[in-house]
Amino acid sequence: MDSRSHTPVTAALRLCLHALLTGLLALVAVRAVGEGAPHTGAVVALTLVTAGVYGAGALAGRPGPTRTTPVQPEKRARALAASMRPGTRAAALWLAALCALWLGLLVLSPDALWVAFPLYFLQLHLLPTRWGVPAVVVTAAAAITSFVVHRQEIAPGAFIGPLLGAAVAIATVLGYDALFRESERRRELIVELVATRAELAEAERTAGTLAERERLAREIHDTLAQGLSSIQLLLRAAERTLPGDAPAAAHVRAAREAAQANLAEARSFVRALTPPDLEHGSLAAALERLCARTTGPDLTVRFAVSGTPVELPTPYEVALLRTAQSALANTVRHARAGRAEITLSFMDTSVALDVVDDGRGFDPSGAPVAERGDGGFGLPAMRSRAATLGGTLSVESAPGQGTALAVTLPLAGPRRSQERAA
């Protein structure tokens with residue numbers, strides 16, 4: 001027998017099977033000797049041979065030394081499953097030899113029919129289900145036939161005993177297999193949950209790091225960089241009003257150059273702290289990559305640009321990119337949509353981002369279910385980010401009619417000129 005399974009339950013079952021078959025073989029030999037039945041010597045000899053063959057197979061399948069190297073859960077599961085149903089050629093030959101010896105005993109002694117019960121479990125254990133169940137039925141029929149031939153009578157017990165034993169064996173083995181498969185599914189689920197938890201923790205750490213980088217970039221751009229830009233403009237205006245030979249002209253020029261150098265440093269800090277998606281391309285390119293990553297078997301995401309693209313301030317690009325990411329994340333998780341579109345529109349006085357999907361939608365007048373306790377970006381955070389930049393966010397949706405989200409940020413002429421100068 002294959003004994004690669006080391007669990008306490010399977011070890012106990014294996015020991016019980018060994019004890020049952022050995023005890024029944026001993027019972028056959030003892031009754032043959034005690035009753036002085038014909039062919040006693042042959043019965044005892046055949047019993048010993050059967051016990052020897054069984055013992056050889058059991059010893060050949062004993063587990064080897066304990067492994068000290070770690071085994072992956074998937075490989076361990078496959079090994080355990082294989083141990084529960086080996087189906088190897090050697091095991092099949094060993095089982096065939098046992099059955100042949102048992103049939104010989106069955107011809108010589110009616111008491112050998114009781115050995116059919118441990119044989120049921122061996123057949124179901126070593127053979128596939130499509131072969132094990134028919135083998136059990138044939139073994140039960142052989143036991144019943146032996147009883148009728150030896151006793152020369154037909155009794156209800158001769159049929160009920162072997163058939164009941166066969167039914168119990170089939171139910172026990174198939175039930176154990178079902179429990180084993182369920183246990184494996186639960187184990188795989190636990191492994192998947194542990195891996196998912198680690199991925200979520202890593203994603204949260206990454207999201208926190210990116211959020212802090214964005215906050216620092218926004219603060220540097222809105223305070224330090226803008227302040228240095230204003231200082232530089234004021235110093236340039238003062239330099240123009242001073243006569244060329246004025247004693248203060250040189251100091252004003254030095255101050256303006258220092259402000260310009262520090263402004264360049266501030267801009268480099270802002271660029272270093274911008275989201276990775278914006279480091280190697282424009283906002284449009286980042287949005288296009290986002291759509292490509294989000295597109296999958298169940299969802300198609302398209303991106304389009306409307307109007308003439310202009311250079312946007314870094315806070316604008318970050319706000320629009322994060323809004324698109326959050327909106328698409330909600331579409332993937334909650335909308336059950338098959339198609340989504342992102343449109344980046346450049347207008348004379350504003351820039352707009354529209355995210356539209358054909359999902360199940362929701363009631364914008366109340367908090368959507370997806371917004372409650374999911375820990376995500378959320379519509380309130382989108383509105384807050386847009387309001388910080390002087391923009392607005394609007395949502396149009398209804399149950400079963402999809403969702404349309406639009407964020408608009410102002411790009412007034414003086415403001416755009418100031419941003420370019422900065």
Side-chain angles (χ1 to χ4, degrees), residues 1-5 10-64 83-128 131-152 158 161-166 168-170 172-173:
M1 292 177 59
D2 190 339
S3 304
R4 286 175 290 177
S5 178
T10 53
L13 291 176
R14 189 165 54 249
L15 291 176
C16 290
L17 184 62
H18 295 341
L20 178 61
L21 194 142
T22 303
L24 290 176
L25 288 175
L27 176 64
V28 173
V30 169
R31 286 180 62 87
V33 173
E35 294 179 357
H39 311 295
T40 300
V43 170
V44 173
L46 201 54
T47 301
L48 294 176
V49 172
T50 304
V53 171
Y54 180 81
L59 292 175
R62 290 183 60 183
S83 70
M84 295 307 301
R85 194 178 298 279
T88 61
R89 182 180 180 86
L93 293 175
W94 175 73
L95 179 62
L98 281 179
C99 291
L101 292 171
W102 173 71
L103 289 176
L105 277 176
L106 205 59
V107 172
L108 298 177
S109 172
D111 297 322
L113 70 90
W114 304 112
V115 182
F117 294 101
L119 286 180
Y120 293 156
F121 290 96
L122 288 176
Q123 290 165 347
L124 292 171
H125 174 71
L126 296 175
L127 299 176
W131 298 109
V133 174
V136 169
V137 174
V138 172
T139 302
I144 295 172
T145 302
S146 172
F147 181 88
V148 173
V149 171
H150 283 286
R151 302 296 183 184
Q152 298 296 323
L163 292 177
L164 182 61
V168 171
I170 293 173
T172 301
V173 173

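Below, each value reflects all heavy atoms present in this structure, side chains not excepted, and no hydrogens, waters or symmetry copies.
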Report summary line: All heavy atoms of Leu127 vs all of Ala135, minimum pair found to be CD1-CB, 4.1 Å
Requested in this report: For a side-chain contact (heavy atoms from CB on, under 4.5 Å) with Leu25, tell me which candidate from Thr22, Leu21, Leu27 qualifies.
Outcome: Leu21
Query raised in the report: When rounded to the nearest 0.5 angstrom, what is the spacing between CG in Leu17 and CG in Leu119?
Result: 9.0 Å
Query raised in the report: Can you name the residues that form a side-chain contact (heavy atoms from CB on, under 4.5 Å) with Leu48, not counting sequence neighbours?
Result: Val44
Query raised in the report: What pairs with Val43 under side-chain contact (heavy atoms from CB on, under 4.5 Å), at least two apart in sequence or on another chain?
Result: Val28, Ala32, Thr47, Leu105, Leu108, Ser109
Query - Tyr54 and Leu122, any side-chain heavy atoms less than 4.5 Å apart - result: yes
Query - Shortest non-hydrogen contact between Ala142 and Leu103, atoms and distance - result: CB-CD2, 4.2 Å
Query - Residues that Phe121 engages under ring pair (Phe, Tyr, Trp, His ring centres under 6.0 Å), provided they are two or more places apart - result: none
Query raised in the report: Does the side chain of Trp131 reach to within under 4.5 Å of the side chain of Gln123, using non-hydrogen atoms?
Result: no
Query raised in the report: Under the side-chain contact (heavy atoms from CB on, under 4.5 Å) test, which residues partner Ala116, sequence neighbours left out?
Result: Trp102, Tyr120, Thr139, Ala143
Query raised in the report: With sequence neighbours excluded, what pairs up with Val49 under the side-chain contact (heavy atoms from CB on, under 4.5 Å) test?
Result: Val53, Leu101
Report summary line: Contacts of Thr50 meeting side chain to side chain donor-acceptor pair (under 3.5 Å) (sequence neighbours excluded), chain-then-number -> none
Query - Closest contact, heavy atoms only, Leu24 versus Pro118 - result: CD1-CD, 3.6 Å
